[in-house]
Amino acid sequence: MLSKAVLYVDPDETARRRLSRDLAAGAADAAIELEEVATAGALRDALADGSSAYACVVTEYRLDDPETDALALYDSLRADGLATAPFLLYTADGSETLASEAITAGFSGYVPKGRTDSVERLREQLQTVGGPDANRAGRARTDQRAAPRDPNRECERERDLERYRTVVETVGDSMYVLDESDRIEMANEAMADAFETTRDELLGRPVDDFVADEDAGRIRSTLEAVRAIDGRTWKTVDLTVEVADGTTRDAEVNVAPLVDDGTLTGSVGVIRDVSERTKRERRIRRLHDGTRRLMAATETDEIARIVTEIAADALDLDLNSVHLYEPNVLTRSAARAPGESEPAVGDGSPDATDEEQGGLVPVAMSDRVLELFDGIPSNIEPGGGIAWDAYEAGEAIVHGDVRQAPNVRNPETPIRSEAHVPLGDHGVFIVSSLETNDFDPEALTLARILAANAEAALDRAEREGELAEHGRELERQNERLEAFASTVSHDLRNPLTLATGHLELLAGRIDGDDEIDRHVQELEWALTRMDELVENVLTLARSGRRLTETEPVDLAAVVERADRTVEGDLEVVCDGSLPTVDGDEERLRVLFENVFRNTVEHGSTSPVSHARQDDGRHTASSEPSVADAPEDAVEHGSTSPPSQTQEDAVEHGSASPGSQGTQEDLDEETTNRGERVGGTVTVTVESTLEGFAIADDGPGIPPGERDHVLEWGYSTDAEGTGFGLAIVAEVVEAHGWSVAVEESDAGGLRLAVSIPS
């Protein structure tokens, strides 16, 4: 029993009264008289009163003065010679760090407040430190702190051990002290609880009983390494400990040596169970590895299968499945009841009928799902239960007991708890358990992360599937286009060759008739024109085929080659260095040739050749248009007499402004066909941030027509084919680039080609 009263300081009056009542409620030999004060000042006054002597002082950590806590108050009292009794820290702000700081500051003990055993633990501490000689012992400890340390090292060691004992008894983690032979000299209740035994059973046992030999060796080597460091230092060792029932747990042990005169006399350690942390890290690592597999998968079925495997293996969610939405699947739907506007949902009812509609189809499931349901679960129709509710809501829904859910599909299901996590518009990821409320928050969080990764993988697979299908469709279109072009080329060139040969024979037999000579010249022009059209169709078809192989191409060299092949008054200027691009050199040469020809034809064209505007639509091209007047005249009756030909020409707008379709007009057009007047035009090719650009100083394209100039069949020239810039657009698209029609600084045409990085 304490020989004197205990002085207790706490700003909380309710806490003071409760503790005073609880300590006084013990047996006669365990009853403790408690004297209460509310403030640090009142505590100081009570200790300074020479008429009073206390067996122990119990203090809350937080006091009435926000700038003063129990540790600071203790230092102040000790400096004034008033801290002669043992001090115990009894606080709700408990932590291992605070306990260590209190013991280091000189407190004789630490007890956390607010636990079921807090009062009993405080009573034990008071009995330990408040015996008949408590005041003298406390005064001796205070004197030792104020004066030089006692040279008797044994006393120092005893004092250190006393502090270790206090810490070991009060902190929440498992703590122990080993002697020089690695046997447990002291262990706290937390350690006994963790190892599912008693403290008495722990004392005297070697540490090898609880850890593997190699782990015990690592502890010893760690202690030796710590000793080699100047000053006492903690180090951490990761190991596996074995509890009473033979199970093992992952642990983290902080160890420090106890040294006396340079000799290792034992060690102290704190054991922390890190099994949950290790499990969490292992889960996250496996989830990360599984995500890499998801990102590498290309098919939806494969992605779904990987999701179920990750959930079972990495997240310990062995009852799981993935259902994906399909627009047309066979589902069970109940027959419509009398008076109902919509069919009633029923699961296996006798009136149920099969029908095709959108639904969720089980694509992948874990082995346990297959065993539990004796096969693949059925499809889920719209409104067909809590899984559909989650999919339709687009939000994860967790049921602690599915039998309590209002829209449960099968009330007799063996499933108890279930989580439904949507995969965007793709479907739903279902996790189940046979126990109620069986999902911990961490597992659900990781399941949501897995579902988000699966959704991203499904999005990517869908995009790649669409791109692949688009590519296949483009390839089919290209093949059809080239087959068409080849057919046209073959079927037209044979009769063209035949017609050209007969015309040459005919021309040799005609002599001196101007009227007949003029008709022969028209036939020669028409045949040449048709040959050019055939060649352009072939070029257009071949330019538009998607590239399968590319190589680095020096644009400057390509521009130079194209410039040499184009006739006319043209000056090509390279403004700065041009980039090297990945592409097809021959197709790029065709691109520049068509742009240069377009510039020559349209940049220096006489007013006569600009007569036709094709209903206001412009297409820059160096080639005659298949819809232009001479062809239209031929197509609509070129074998008719000249007067009919003139009418067709007028009807299709091929005559110059003011023309009445006279024979003189036809003669003038024949005379001027192919004759270009005007000065030299300049084309500038330059590098841009996005790729490159080609600009000229010609008449340009009106803003309203720029969206049309890259389409075939548009031309501002009565003799243009409308293929020139259409071929340019095809070459650009075949490379996967894009082109924009703009106005140049000189007011002409500018084609800006963008190359994706």
Side-chain angles (χ1 to χ4, degrees), residues 532 535-536 539-540 542-544 553-576 578-579 581 583-605 609 618-625 676 678 680-688 690-702 705-717 719-735 737-755:
E532 291 173 351
E535 186 61 34
N536 275 301
T539 302
L540 182 66
R542 291 163 181 162
S543 298
V553 177
D554 181 1
L555 282 187
V558 173
V559 169
E560 183 180 355
R561 286 182 58 196
D563 184 21
R564 290 199 302 265
T565 61
V566 176
E567 298 179 355
D569 294 331
L570 175 68
E571 180 181 0
V572 177
V573 177
C574 290
D575 186 3
L578 298 180
V581 300
D584 183 283
E585 183 174 355
E586 289 305 312
R587 291 204 218 181
L588 290 175
R589 179 181 58 80
V590 169
L591 181 152
F592 283 103
E593 286 177 351
N594 277 273
V595 176
F596 294 166
R597 290 194 186 100
N598 177 79
T599 301
V600 170
E601 296 297 333
H602 293 271
S604 59
T605 304
S609 62
H618 299 262
T619 299
S621 174
S622 64
E623 307 298 340
S625 170
R676 305 291 179 178
T680 300
V681 291
T682 301
V683 175
T684 302
V685 185
E686 61 180 349
S687 176
T688 65
E690 296 79 15
F692 63 92
I694 312 169
D696 64 41
D697 58 357
I701 302 294
E705 303 301 322
R706 291 173 188 166
D707 291 339
H708 304 294
V709 298
L710 299 179
E711 301 173 5
W712 71 273
Y714 286 90
S715 177
T716 60
D717 190 341
E719 298 181 9
T721 63
F723 280 105
L725 292 187
I727 292 174
V728 171
E730 290 293 325
V731 173
V732 169
E733 184 178 353
H735 281 77
W737 305 342
S738 62
V739 59
V741 180
E742 303 170 352
E743 182 178 351
S744 70
D745 293 340
L749 174 67
R750 184 177 190 266
L751 298 176
V753 178
S754 297
I755 302 174

Expected output: side-chain [X] to main-chain [Y] donor-acceptor under 3.5 Å:
X	Y	answer
Asn594	Val590	yes
Ser687	Pro579	no
Asp696	Thr682	no

To the closest 0.5 Å, what do you measure between [atom1] ([X]) and [atom2] ([Y])?
X	Y	atom1	atom2	result
Leu578	Thr688	CG	OG1	10.5 Å
Leu725	Ile727	CG	CD1	9.5 Å
Leu710	Glu730	CG	CD	10.0 Å

Member of [options] meeting the side-chain contact (heavy atoms from CB on, under 4.5 Å) criterion with [X]:
X	options	answer
His735	Leu588, Val553, Val581	Leu588
Thr599	Val681, Val566, Val572	Val681
Leu749	Val683, Ile701, Asp697, Ile694	Ile701

Can you name the nearest heavy-atom pair linking [X] to [Y], along with the distance?
X	Y	value
Phe596	Ala562	CE1-CB, 3.8 Å
Glu593	Thr565	OE2-OG1, 2.9 Å
Leu555	Phe592	CD2-CE1, 4.1 Å

SB check Glu585 Arg561 (cutoff 4.0 Å):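 A salt bridge links Glu585 with Arg561.
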Could you walk me through whether Glu686 and Arg750 pass the salt bridge (Lys or Arg N to Asp or Glu O under 4.0 Å) test, one step at a time? CA-CA 11 Å; Glu686 61 180 349; Arg750 184 177 190 266; 3.1 Å; yes
Considering residues at least two apart in sequence or located in another chain, which fulfil the side chain to side chain donor-acceptor pair (under 3.5 Å) criterion with [X]?
X	result
Glu690	none
Ser738	none
Glu743	Arg706

With heavy-atom distances below 4.5 Å as the criterion, would you say the side chains of Phe692 and Ile755 are in contact?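 They are in side-chain contact.
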Test item: side-chain donor near acceptor, Thr680 and Glu571, under 3.5 Å: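 No - no donor-acceptor pair under 3.5 Å links their side chains.
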